[in-house]
Enquirer: 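Let me begin by handing over the structure; questions about it come next.
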Amino acid sequence: MVKRALPRRFYDRDALDVAPELLNKLLVANGVSARLVEVEAYRGHDDPGAHSFRGQTPRNATMFGKPGLLYVYFSYGMHWCANAVCGPGTTPHAVLLRAAAPVAGLETMRARRTKARRDVDLCRGPGSLGQAFGFDRSFDGADLTRGSVCIVDDGVPPPVSPGVSPRVGLAVGKGDERAYRFFVRGDPHLSRAGSAPRSNPRRPS
DNA sequence: ACCGGGATGTTCT
DNA sequence: GAACATCCCGGTG
């Protein structure tokens, strides 16, 4: 079985098509690797939940780059979250990497994730995943198809019938109703169980 | 298990 | 000043 980084053509499509196919792929970076079990699609100009909705800014510039780049952004003043930039072309679509099952470099992940009590929590949630991989601003714009940061197909197929649900953490009216979250059903590493994300605490009053 | 709140800083209004 | 693609802890049931 030859492990190979996913080619650019894999990413050069609508994030809604790429997202479910990223499930069970291996994220390899910074001395560790983990199998993706939960992702979310963010769809450019038409998606009020996407950073790119209001156009290009210094923060989201990588989303407007070529498919196959890693878009890393700083969230809530303390977390680094990672996306795979999609397409087609320079359409600013992206797939947020929300949760993964640790595969290699567990000791390194534990050292980075000092708050995680169990290994199942090492990459559980986008902020936790970013911490386990040691992501920061320097990873923004990394090329997933050429460099040491990559997503690998090691022969495990995506689920035939992935779980689908609304995305997590979006405010009401900002795309929260769209079923753009995809996950491996029943996987113990999901950021939240099954298809019922916690209701949004920032409801309009 | 569920829920509320604090941490912490960049981005946008 | 408010919002934010979050996480963790402590209180309650």
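Below, all heavy atoms of this structure are taken into account, side chains as well, without hydrogens, waters or symmetry copies. Letters A, B, ... are given to chains in the order of the sequence lines, protein chains preceding strands, and every chain is numbered from 1.
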Enquirer: Testing the 3.5 Å rule here: is there a donor-acceptor pair between the side chains of A:Gln131 and A:Arg113?
Expert: yes
Enquirer: Taking the side chain of A:Met78 as its heavy atoms from C-beta onward, which of B:dA7, C:dT6, C:dC8 lies nearest to it?
Expert: B:dA7
Enquirer: If we ignore hydrogens and angles and just use 3.5 Å, is the side chain of A:Glu38 paired with the main-chain N or O of A:Ser191 as donor and acceptor?
Expert: yes
Enquirer: Rounded to whole Å, how long is the line connecting atom CZ of A:Phe135 with atom C1' of C:dT6?
Expert: 17 Å
Enquirer: Under 6.0 Å from the ring centre and within 45 degrees of the ring axis: does the NZ or CZ of A:Arg8 meet both conditions for the six-membered ring of A:Phe10?
Expert: no
Enquirer: Tell me whether the side-chain N/O atoms of A:Arg54 come closer than 4.0 Å to OP1 or OP2 in B:dT13.
Expert: yes
Enquirer: A:Ala171 side chain: which of C:dC8, C:dC4, C:dA5 is closest?
Expert: C:dC4
Enquirer: Say whether, by atom type as modelled, one donor and one acceptor occur between the side chain of A:Asn30 and the main chain of A:Phe133 under 3.5 angstrom.
Expert: yes
Enquirer: Check A:Glu21 with A:Arg13, please: is the shortest side-chain N to carboxylate O separation under 4.0 Å?
Expert: yes
Enquirer: Can you pull out the residues from residues 96-107 of chain A that lie within a 4.0 Å heavy-atom distance of DNA chain C?
Expert: A:Leu96, A:Arg98
Enquirer: Nearest whole angstrom, please: distance from the P of C:dC7 to the CZ of A:Arg117.
Expert: 17 Å
Enquirer: Contact class for A:Gly125 vs. all strands (heavy atom < 4.0 Å): base, sugar-phosphate, or nothing?
Expert: sugar-phosphate
Enquirer: Would you say A:His79 reaches C:dC7's phosphate, i.e. side-chain N/O to OP1/OP2 under 4.0 Å?
Expert: no
Enquirer: Whole-Å distance between C:dA3 C1' and A:Leu170 CG?
Expert: 13 Å
Enquirer: A:Phe53 CZ to C:dC4 C1': how many Å, rounded?
Expert: 16 Å
Enquirer: Kindly confirm whether the side-chain ring of A:Tyr73 is stacked on the base of C:dA5, judged by centres under 5.5 Å and planes under 30°.
Expert: no
Enquirer: For the pair made of CG in A:Asp140 and P in B:dT10, what is the distance, rounded to whole Å?
Expert: 15 Å
Enquirer: If I take atom CG in residue A:Leu122 and atom C1' in nucleotide C:dC7, what distance separates them, rounded to the nearest angstrom?
Expert: 14 Å
Enquirer: When both hydrogen-bonding distances must be under 3.5 Å and the geometry is Watson-Crick or G-U wobble, what is C:dA3 paired with, if anything?
Expert: B:dT10
Enquirer: Taking the side chain of A:Pro126 as its heavy atoms from C-beta onward, which of C:dC9, B:dT11, C:dC7 lies nearest to it?
Expert: C:dC7
Enquirer: Decide whether A:Asn60 and A:Ser52 meet the rule of one side-chain donor and one side-chain acceptor closer than 3.5 Å.
Expert: no
Enquirer: Give a yes/no answer on whether the side chain of A:Ser191 brings an N or O atom under 4.0 Å of OP1 or OP2 in C:dT6.
Expert: no
Enquirer: Select one nucleotide: of C:dT6, C:dC7, B:dC12, the one nearest the side-chain heavy atoms of A:Thr57.
Expert: B:dC12
Enquirer: Let me know the distance between CG of A:Asp176 and P of C:dT6, rounded to the nearest Å.
Expert: 13 Å
Enquirer: Can you measure A:Arg59 atom CZ to C:dA3 atom P for me and round it to whole angstrom units?
Expert: 15 Å
Enquirer: Does a side-chain N or O from A:Arg192 land closer than 4.0 Å to OP1 or OP2 of B:dC2, or not?
Expert: no
Enquirer: Determine whether a donor-acceptor pair (N or O, by modelled atom type, separation under 3.5 Å) exists between the side chain of A:Asp176 and the backbone of A:Leu170.
Expert: no
Enquirer: Heavy atoms only, 4.0 Å cut-off, all strands: where does A:Gly77 land among base, sugar-phosphate and nothing?
Expert: base
Enquirer: What does C:dT12 pair with, Watson-Crick or G-U, if both distances are under 3.5 Å?
Expert: B:dA1
Enquirer: I want to check one thing: is the phosphate of C:dA3, taken as OP1 and OP2, less than 4.0 Å away from some side-chain N or O of A:Lys174?
Expert: no
Enquirer: Counting only side-chain heavy atoms from C-beta out, which of C:dC8, C:dA5, C:dT6 sits nearest to A:Ser128?
Expert: C:dC8
Enquirer: Verify the ring-centre separation between A:Tyr73 and A:His51: is it less than 6.0 angstrom?
Expert: yes
